[in-house]
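The next block holds one structure in the form of structure tokens; read it before the comments.
Just so you know, ligand 1 is whichever comes first in the structure, and atom 1 is the first atom listed for that ligand.
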Amino acid sequence: VGVSSRESNAPIGVFDSGVGGLTVLRALLSEMPGESFIYLGDTARLPYGTKSSSIVIRYALRAAELLSNEGVKSLVVACNTASSVGLEAIRQHFEPIPVIGVIEPGAQAACAASNSDRIAVIATERTVREGAYQQAIQRIKPNAEVSVRAIPLFVALAEEGLTRGPIAESVARRYLDSWSTTSDSSPDTLVLGCTHFPLLLGAIRTVTGTAMRIVDSATTVAQAVRARIAGPLLGSAATPGSVRFLATEGPERFARIGSRFLDRPVSEDKVDLVDI
Ligand code: DGL
């Protein structure tokens, strides 16, 4: 089905391995209140971040296919891990549907925020190994010094709802302490390179202090999506859009934990269990 045959009131498809991408959906909803969205959390296969690239590509293609079959007019890969390995494969498979990932907008936001061009990135193991942020940042600023670190525990803490307090703070300290000194060589900007991480902002701030700029790509992604679907594909802002949720496992848990990520109530009866 070509984009031209997809209606402007068709929904935008958004997916992540779990509830993390809801931080992106939150930004999309505030950027484009007239649009309808279908959000898929592949909760049965979470985490993606510790898995091999071929497995993540396979999972991401299945998720994208399910959303494509729902007739979405655009696909947002609201997962850094899937974006870092699967974006090209998804684009090729689902052309001409516009496919937007989170890495490029995150790199742009980081380059805009940093004065010293020393940029730190925290992400999942897979995203770190793929070198996706280093490449995306250095395409914009070839001389940027990019330091990356994987914090898979943050995904577990966010999914568990343990985003504040001593446990989250001590994990943050364990991984971020060495960047928190204000020496001349320390980074001035920290990129949250995983859509689960914005929930841990408070704990991260207790370690980095307020001097370090923290970049969460959600807003930049929402602006990129809006720019891509501008024109005939943009829904009418006069009528509020709808949101549907799909999960591959545990709709009750998805609704409960997801409400925190989306910052608005997600009722369990709005979450459909799907098999992909
Ligand atoms: N939210 C995903 C990301 O942005 C990672 C979570 C996972 O490991 O599945 O990378």
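At least one heavy atom of C79 sits less than 4.0 Å from an atom of ligand 1. Residue contacts with ligand 1 leave out G20, since none of its heavy atoms falls under 4.0 Å from the ligand.
A salt bridge links R253 with E159; the closest basic N to acidic carboxylate O contact falls under 4.0 Å.
For ligand 1, the polar-atom distance check finds an N/O of G49 within less than 3.5 Å of one of the ligand's N/O atoms. Between T50 and ligand 1, not a single N/O pair is under 3.5 Å apart. Considering backbone and side-chain N/O of T127, none are found under 3.5 Å from N/O of ligand 1. Checked against a 3.5 angstrom limit, the closest N/O atoms of S17 and ligand 1 fall inside it.
With respect to atom 3 (C) of ligand 1, the closest heavy atom belonging to the protein is N80 N, 3.3 Å. Counting protein heavy atoms only, atom 10 (O) of ligand 1 is closest to T81 OG1, 2.7 Å.
When non-hydrogen atoms are compared, ligand 1 lies under 4.0 Å from neither the backbone nor the side chain of V102.
Side-chain atoms of D188 come within 3.5 Å of backbone N or O of N115 as a donor-acceptor pair. Formation of a donor-acceptor pair under 3.5 Å by the Q138 side chain with backbone atoms of A144 is found in this model. Formation of a donor-acceptor pair under 3.5 Å by the R91 side chain with backbone atoms of V99 is found in this model. The main-chain N or O of C111 is never found under 3.5 Å from a side-chain atom of S114 such that the two would form a donor-acceptor pair.
Between E65 and H93 the shortest side-chain heavy-atom distance does not fall below 4.5 Å. A heavy-atom distance below 4.5 Å is not found between the side chains of I38 and V14.
Which parts of ligand 1 touch T124 is read off a 4.0 Å heavy-atom cut-off, strictly below it: atoms 5 (C), 8 (O), 10 (O). Atom numbering of ligand 1 starts at 1 in the shown order; those under 4.0 Å from a heavy atom of Y48 are 7 (C), 8 (O), 9 (O). For ligand 1, the atoms closer than 4.0 angstrom to any heavy atom of D16 are 1 (N), 2 (C).
Y48 and D42 form a side-chain donor-acceptor contact under 3.5 Å, judged by distance and modelled atom types alone.
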